[in-house]
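Quick note: numbers below take in every heavy atom, side chains included, and nothing from hydrogens, waters or symmetry partners. Not measured: the values here are computed from a predicted model.
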Amino acid sequence: MSETTPDAEALDAGHLQELRRGTVVLASLLALRTPGYGYALLEHLSDAGVEVDANTLYPLLRRLESQGLLTSEWNTDDSRPRKFYRTSAAGESLAGRLLDESRRITDALVRLSEGEAP
């Protein structure tokens with residue numbers, strides 16, 4: 001059994017964070033095909049196995065909205081107003097392309113892990 005050092009754990013954490021960074025964009029675009037607000041999205045992503053910190057998600061939602069990939073509207077029906085996000089047509093298009101690329105990369109990684117020649 002191999003042991004990891006604190007330096008190795010930090011290195012692993014950094015690489016894992018880098019790997020997850022792009023998947024959070026895709027996961028958010030896919031999840032928000034059904035309108036949702038930030039906290040519910042955090043729970044939904046976590047339940048799906050996509051871990052993301054609130055301090056990462058909220059700025060990401062604002063950025064995706066500013067890029068035209070999400071739309072939003074305020075729901076003031078409840079006692080506490082909430083901003084609901086939904087994937088826009090441009091976001092749907094991007095999500096499709098990202099999903100295709102993700103599948104292509106996953107297939108390539110599986111081939112490489114099984115020792116198959118390119």
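Separating the OG atom in S88 from the CG atom in L32 is a distance of 10.5 Å, to the nearest 0.5 Å. Taking CG of L45 as the reference point, atom CD of E51 lies at 9.0 Å (rounded to 0.5 Å). Atom CZ of residue F84 and atom OG1 of residue T71 lie 12.5 Å apart, to the nearest 0.5 angstrom. Rounding to the nearest 0.5 Å gives a distance of 10.5 Å between CG of L99 and CG of L94. If you take CG on D7 and CG on D12, they are separated by 11.0 Å, rounding to the nearest 0.5 Å.
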For residues 20-28, run the donor-acceptor check on the side chains, cut-off 3.5 Å, and write out each pair with its distance to 0.1 Å, sequence neighbours left out.
unit_1	atom_1	unit_2	atom_2	d
T23	OG1	R20	O	2.6
S28	OG	V24	O	2.8

Could you pull out all donor-acceptor pairs under 3.5 Å where a side-chain atom in residues 53-62 meets a protein atom, sequence neighbours excluded?
unit_1	atom_1	unit_2	atom_2	d
D53	OD2	N55	N	2.9
D53	OD2	N55	ND2	3.4
Y58	OH	Y39	N	3.2

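Here S72 pairs with E65, K83, Y85 under the side chain to side chain contact (heavy atoms under 4.5 Å, CB included) rule; sequence neighbours left out.
Y37 and R82 make their closest contact through OH-NH1, 3.0 Å (heavy atoms, listed as atom of the first residue, atom of the second, distance). The two residues G91 and L29 have their closest heavy-atom pair at O-CD1, 3.9 Å.
Atom CD of E73 is surrounded by 12 or fewer heavy atoms from other residues, nucleotides or ligands within 6.0 Å.
T87 has its side chain out of reach of L69: every pair of non-hydrogen atoms, C-beta onward, lies at least 4.5 Å apart. Side-chain contact between D107 and R104 is absent, with no heavy-atom pair separated by less than 4.5 Å.
In terms of modelled atom types and a separation under 3.5 Å, the side chain of S93 and the main chain of A90 share no donor-acceptor contact. With hydrogens and angles ignored, the 3.5 Å screen pairs no side-chain donor or acceptor of S102 with any backbone N or O of L98.
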